[in-house]
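Take a look at the structure set out below.
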Number of protein chains: 2
Amino acid sequence: MPITHLPLNALRAFEAAARLGSMNAAATELGVTHGAVSRHVKALEERFGLPLFERHPRAIVPTREGAQLASELAEAFDRMQIAVSRVQPGPLTLSCSSTVMMRWLIPRLEKFKRANQAIELRLNINYDNVDFIREEISLAIRTSIYRAPAGAVAETLIHEEIGPVCHPDYADRLGLSKPDDLLRARILGSATRPQAWTDWAAALGRPELRMTPNEVYAHFYLVIQAAACGLGLALAPRLLVDDEIRSGHLVAPLGFVAGPYELQLWIADHLRGRVDVRTTANWIRAEMRAMSATP
Amino acid sequence: MPITHLPLNALRAFEAAARLGSMNAAATELGVTHGAVSRHVKALEERFGLPLFERHPRAIVPTREGAQLASELAEAFDRMQIAVSRVQPGPLTLSCSSTVMMRWLIPRLEKFKRANQAIELRLNINYDNVDFIREEISLAIRTSIYRAPAGAVAETLIHEEIGPVCHPDYADRLGLSKPDDLLRARILGSATRPQAWTDWAAALGRPELRMTPNEVYAHFYLVIQAAACGLGLALAPRLLVDDEIRSGHLVAPLGFVAGPYELQLWIADHLRGRVDVRTTANWIRAEMRAMSATP
DNA sequence: CGTTCGAGTGAGTTTTTATCACATCAAGCC
DNA sequence: GGCTTGATGTGATAAAAACTCACTCGAACG
């Protein structure tokens with residue numbers, strides 16, 4: 001079949017259906033009804049003379065050929081998207097967790113905007129993997145718990161230092177000065193990073209300490225907030241509580257130790273040449289360096 | 001612009017127009033009228049808000065952005081084509097010059113078909129570069145005068161040996177036994193390989209010999225035919241005249257010398273895994289080896 | 001100096017694509 | 001068992017997109 005007669009729209013619909021495992025979801029992504037997608041897929045199957053999906057009552061599963069075709073098409077569409085984005089550059093999009101956004105980015109955003117008035121910055125909240133091409137992400141700040149996906153390059157920003165933090169009065173009241181004192185305290189945990197306390201115990205060289213959270217919050221910034229309100233102890237990276245410690249809202253009674261992860265900057269591969277991306281990446285690096293320089 | 005709303009058909013039309021440098025040509029390739037292509041391109045330019053072509057009275061020239069976009073789109077469409085061809089494998093297509101087809105391939109084709117009845121072979125005539133993806137070529141036989149394009153890998157089949165050939169009576173009549181005797185003879189040339197005689201003189205170590213053809217034929221196989229009919233001397237690779245020499249229709253009064261080129265097999269990169277392609281490539285290699293083994 | 005060649009365009013037509021509304025099927029659940 | 005639910009398939013029809021036709025323009029060609 002020559003390229004000149006490929007049914008491009010049908011291929012796009014099929015690729016979406018295969019990637020999402022659902023005609024309905026594909027239809028939503030494409031902004032059409034499921035019927036339109038269903039027809040596209042059927043047209044393709046008739047044209048190729050082979051089934052691309054196994055139909056089950058509540059699900060569709062790509063056949064061997066379908067899966068292969070879909071994955072190769074995905075690459076082709078990615079390239080197309082990149083090609084177009086080069087003549088139609090969108091805003092710079094920075095993705096980070098809600099916590100990093102709350103406690104690190106937003107406090108510095110005014111300064112960034114003043115220094116880079118020409119850069120239109122769009123923010124995206126996400127703490128794990130993300131498709132840099134489809135979701136048009138330029139930069140992401142992530143911990144090394146996750147691996148940068150294909151299409152992005154990762155670099156180290158800082159090595160995380162972690163430690164328990166709480167309200168100053170709380171630390172005084174419970175007399176917290178060595179790890180074992182913590183067993184008397186209320187331990188606050190985060191759903192997005194369930195292994196945080198265990199990591200810390202391991203980093204201390206006390207893996208036997210059983211630091212099971214008494215309470216688990218949905219977001220990490222809620223844990224910090226709860227600690228600042230005297231509800232217990234949060235296990236936080238220094239980066240995210242430095243301002244609070246400086247202002248006296250929080251203390252770190254046991255200090256900080258080097259944690260097992262680092263904070264990374266992920267850069268969309270195809271955007272590395274863009275001036276605003278380089279500028280913003282440099283700004284992020286500089287701000288991070290400034291943080292780790294002030295103990 | 002999200003991938004879900006890319007105007008795929010307009011992008012294809014634009015890519016064709018940019019590649020061919022003409023809306024008309026693109027229209028022909030796509031099987032539509034030039035108006036349709038013109039409208040697609042205009043729609044794209046309006047959507048992007050920038051011109052993709054400079055319009056000149058009889059030509060369109062891609063702008064900087066247009067050229068960039070087109071070349072990246074070409075890659076994306078190539079991939080798409082490859083993806084589809086994997087689920088819809090077409091016939092195996094072998095491309096070679098009309099001369100190689102006449103004098104080497106066709107005489108062996110019957111044998112090939114008998115040995116490989118399952119392989120559907122399509123033939124394509126072309127002696128220089130060719131787009132393996134767009135024109136759906138699997139294998140090509142070429143001299144190393146040309147370089148294999150991106151998307152194909154080249155390997156050596158044989159090193160060409162070249163020498164003047166003519167009808168036996170012609171050689172007798174003119175008494176041809178050393179290079180300088182040829183100055184008395186009628187020199188036949190081919191438009192597709194105008195430097196053949198000069199190459200030979202150089203290979204002999206007699207670059208000063210001015211072997212200017214008295215007559216130039218459009219195709220190389222016509223030159224061989226003319227020589228076989230006693231019209232003069234052809235400068236031929238041994239490969240293409242071996243049968244004629246064996247049967248006594250031609251003689252090579254000065255023998256053959258190693259020429260500056262080799263005969264190559266070009267294989268479409270994305271088809272190297274296909275069984276019929278491997279089989280056919282092996283057959284070609286074996287047949288070529290058989291030729292160079294019999295002096 | 002008329003002819004030709006290639007592109008742009010208004011109006012109208014054809015083709016494709018999408019919607020709507022309903023059908024189907026089986027899993028999950030009282 | 002029988003009802004509900006969630007997902008896909010499809011006939012009829014509406015909407016949108018793509019295409020053609022027939023003409024225009026402008027300059028290069030001969």
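Since the model is a prediction, treat every value here as computed from it, not as a measurement. A, B, ... follow the sequence lines: proteins, then strands. Residue 1 opens every chain.
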Handout entry: Sequence-aligned protein contact record of nucleotides 23-30 of chain D, with B where the base is within under 4.0 Å of a protein heavy atom and S where only the sugar-phosphate is
Key = ---BBB--
d([atom1], [X]; [atom2], [N]) in whole Å:
X: A:Arg47; N: C:dT16; atom1: CZ; atom2: P; value: 10 Å
X: A:Phe53; N: D:dA7; atom1: CZ; atom2: P; value: 15 Å
X: A:Leu30; N: C:dT19; atom1: CG; atom2: C1'; value: 15 Å
X: A:Glu46; N: C:dT16; atom1: CD; atom2: P; value: 14 Å
X: A:Leu44; N: C:dT16; atom1: CG; atom2: C1'; value: 14 Å
X: A:His5; N: C:dT16; atom1: NE2; atom2: P; value: 11 Å
X: A:Arg39; N: D:dA15; atom1: CZ; atom2: C1'; value: 14 Å
X: A:Ile60; N: D:dG6; atom1: CD1; atom2: P; value: 18 Å

Are there over 12 heavy-atom neighbours, none belonging to [X], within less than 6.0 Å of that residue's [atom1]?
X: B:Glu45; atom1: CD; result: yes
X: A:Arg55; atom1: CZ; result: yes
X: A:Glu120; atom1: CD; result: no
X: B:Gln225; atom1: CD; result: no

Report all side-chain donor-acceptor pairs from residues 210-223 of chain B shorter than 3.5 Å, counting only partners two or more places apart or in another chain.
residue: B:Asn214; atom: OD1; partner: B:Ile187; partner atom: N; Å: 2.7
residue: B:Glu215; atom: OE1; partner: B:Arg186; partner atom: NE; Å: 2.8
residue: B:Glu215; atom: OE1; partner: B:Arg186; partner atom: NH2; Å: 2.8
residue: B:Glu215; atom: OE2; partner: B:Tyr217; partner atom: OH; Å: 3.1

Exercise for the section: For residues B:Leu73 and A:Met80, report the shortest heavy-atom separation together with the two atoms involved. Expected result: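 Distance-wise, the nearest heavy atoms are CD2-CG, 3.7 Å.
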Handout entry: Sole residue of B:Asp78, B:Ile82, B:Ile137, B:Leu139 in side chain to side chain contact (heavy atoms under 4.5 Å, CB included) with B:Phe132
Key =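 Going through B:Asp78, B:Ile82, B:Ile137, B:Leu139 one by one, the side chain to side chain contact (heavy atoms under 4.5 Å, CB included) with B:Phe132 is satisfied by B:Ile137 alone.
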Exercise for the section: For B:Ser38 and for A:Val37, find the nucleotide of DNA chain C with the closest heavy atom, then tell me which residue's nucleotide is more 5'. Expected result: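 Going by which nucleotide is closer to the 5' end, it is B:Ser38.
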Handout entry: Contact list for residues 30-44 of chain B, test salt bridge (Lys or Arg N to Asp or Glu O under 4.0 Å), sequence neighbours left out
Key =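 Residue pairs passing salt bridge (Lys or Arg N to Asp or Glu O under 4.0 Å), neighbours aside: B:Lys42-B:Glu46.
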Handout entry: Min side-chain heavy-atom separation B:Tyr127-B:Thr143 under 4.5 Å
Key =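 No; the side chains remain at least 4.5 Å from each other.
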Handout entry: Validation row: B:Glu136, A:Ile3 side chains within 4.5 angstrom (heavy atoms)
Key =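 With C-beta onward as the side chain, the pair stays apart.
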Exercise for the section: Using a cut-off of strictly less than 4.0 Å, decide whether B:Thr33 has a side-chain nitrogen or oxygen near OP1 or OP2 of D:dT20. Expected result: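 True: B:Thr33 side-chain N/O within range (under 4.0 Å) of D:dT20 OP1/OP2.
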Handout entry: Residue-phosphate contact under 4.0 Å: A:Lys42 side-chain N/O, D:dT10 OP1/OP2
Key =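 Indeed, a polar side-chain atom of A:Lys42 lies that close.
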Problem - 5' priority, DNA chain D, between A:Glu45 and B:Gly35 [closest heavy atom] - result: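 Counting from the 5' end, the first nearest nucleotide belongs to A:Glu45.
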Exercise for the section: Kindly state which residues belonging to residues 6-28 of chain A come within less than 4.0 angstrom of DNA chain C, counting heavy atoms of the residue only, listed by number. Expected result: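 The answer is none.
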Problem - Five-pair end axes of the helix from C:dC1-D:dG30 to C:dC30-D:dG1 and the angle they enclose, rounded to 10° - result: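 Comparing the first five pairs with the last five, the axes sit 20° apart.
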Polar-atom pairs under 3.5 Å, protein N or O versus N or O of nucleotides 1-3 of chain D: list them with distances, or write none.
none

Exercise for the section: Assess whether side chain to side chain donor-acceptor pair (under 3.5 Å) is satisfied between B:Thr4 and A:Arg134, documenting all intermediate values. Expected result: CA-CA 9 Å; B:Thr4 51; A:Arg134 306 269 166 164; over 6 Å; no
Practice task
Say whether B:Ser138 and B:Arg122, considering side chains only, have a donor N or O and an acceptor N or O under 3.5 Å apart.
Solution key: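 No pair is found: no donor N or O on one side chain lies under 3.5 Å from an acceptor on the other.
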Handout entry: Pair B:Thr99-B:Ser97, side-chain donor/acceptor within less than 3.5 Å
Key =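 No - no donor-acceptor pair under 3.5 Å links their side chains.
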Handout entry: B:Arg12 (side chain) donor-acceptor with A:Leu6 (main chain) under 3.5 angstrom
Key =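 A pair under 3.5 Å: yes.
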Exercise for the section: Could you check whether B:His40 gets within reach of a base, just the sugar-phosphate, or nothing at all, counting any heavy atom under 4.0 Å? Expected result: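 B:His40: backbone/sugar contact only, no base atoms under 4.0 Å.
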